[in-house]
Amino acid sequence: MSVLKNKNSVYIFYVTVAIIGWVTSLYAKHIVKKISPKALVLFDLTTSFLFITSLVLFTNNGKQSVVSELRGLTNAEWLGLAGLGLFGTTVRVFSSSLLQYHAVETMRIAGFMISMAVSGAAVYVIAMDKFTMYKALGLLLMSIGGYMFMP
């Protein structure tokens, strides 16, 4: 898809996801007053399963099938994927439960700022040619700024 190759597609994607994320968080805050977080996640995962199954069944892009790809995984890779799935589901249930007791804006801003600090640290660690004093100071200032910004 040539749209995905566009240099601005990443930014457009994340702006769109951020806007939709805020709207869905507000809706989830409303809905967890009527149903439990587990029911919300169950519905979400069921909808996701049906959508992805339809997507796999009705799209064929000429590459090997999804089933063939999955058969090629090792046991360790299966275990890793299962762990990712369990972690994601646990996070969904926990975050939906937090919505029962905390404001959407508190959760979204706190999540954003903590993500910024962790991402900043990860970039320094992963792309670390030299960890200079200026990089350490930048990471420290970013972390302090995030802490001060949180409600």
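No hydrogens, no waters, no symmetry mates; every other heavy atom, side chains included, goes into these values.
Between T89 and L86 the shortest side-chain heavy-atom distance does not fall below 4.5 Å.
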* Show your working on side-chain contact (heavy atoms from CB on, under 4.5 Å) between W78 and T74 and close with a plain yes or no. => CA-CA 6 Å; W78 273 104; T74 66; over 6 Å; no
* To do: Please step through side-chain contact (heavy atoms from CB on, under 4.5 Å) for the pair I20 and V23, ending with a clear verdict.
  => CA-CA 5 Å; I20 292 172; V23 172; 5.6 Å; no
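Cluster membership for L98 and L40, using ILVMFWY side-chain heavy atoms within less than 4.5 angstrom, is shared. In the hydrophobic clustering of ILVMFWY residues, with side-chain heavy atoms under 4.5 Å counting as a link, V32 and W22 come out together. If you chain together hydrophobic residues whose side chains sit under 4.5 Å apart, Y27 and M107 fall into the same group. Cluster annotation: L26 is connected to I35 through the hydrophobic network of ILVMFWY side chains, with a link wherever side-chain heavy atoms come within less than 4.5 Å. V104 and F94 fall within the same hydrophobic cluster, where Ile, Leu, Val, Met, Phe, Trp and Tyr residues are linked whenever their side-chain heavy atoms come under 4.5 Å apart, directly or through other members.
Considering OG of S36 and CG of L42, their distance stands at 9.0 Å, rounded to 0.5 Å. S96 contributes atom OG, which lies 8.0 Å from atom CG of D44 (distance to the nearest 0.5 angstrom). Atom OG of S97 and atom NZ of K38 lie 8.0 Å apart (nearest 0.5 Å). Between atom OG of residue S95 and atom CZ of residue R108 there is a gap of 9.5 Å, rounded to the nearest 0.5 Å. The structure places CG of N6 at 11.0 Å from OH of Y11, a figure rounded to the nearest 0.5 Å. Here the CG-NE2 distance, from L99 to H30, works out to 12.5 Å after rounding to the nearest 0.5 Å.
Judged by distance alone, with hydrogens and angles left aside, the side-chain atoms of S9 form no donor-acceptor pair with the main-chain N or O of K5 at under 3.5 Å. A donor-acceptor pair is defined here as one N or O able to donate and one able to accept, closer than 3.5 Å; such a pair exists between the side chain of K29 and the backbone of H102. A donor-acceptor distance shorter than 3.5 angstrom exists from the side chain of T24 to the backbone of G21, with no hydrogens or angles considered. Counting only distance, with no hydrogens or angles, the side chain of T53 and the backbone of L50 share no donor-acceptor pair below 3.5 Å.
P37 approaches Q100 most closely through the heavy-atom pair CD-NE2, 3.5 Å.
N75 CG: 12 or fewer foreign heavy atoms inside a 6.0 Å radius.
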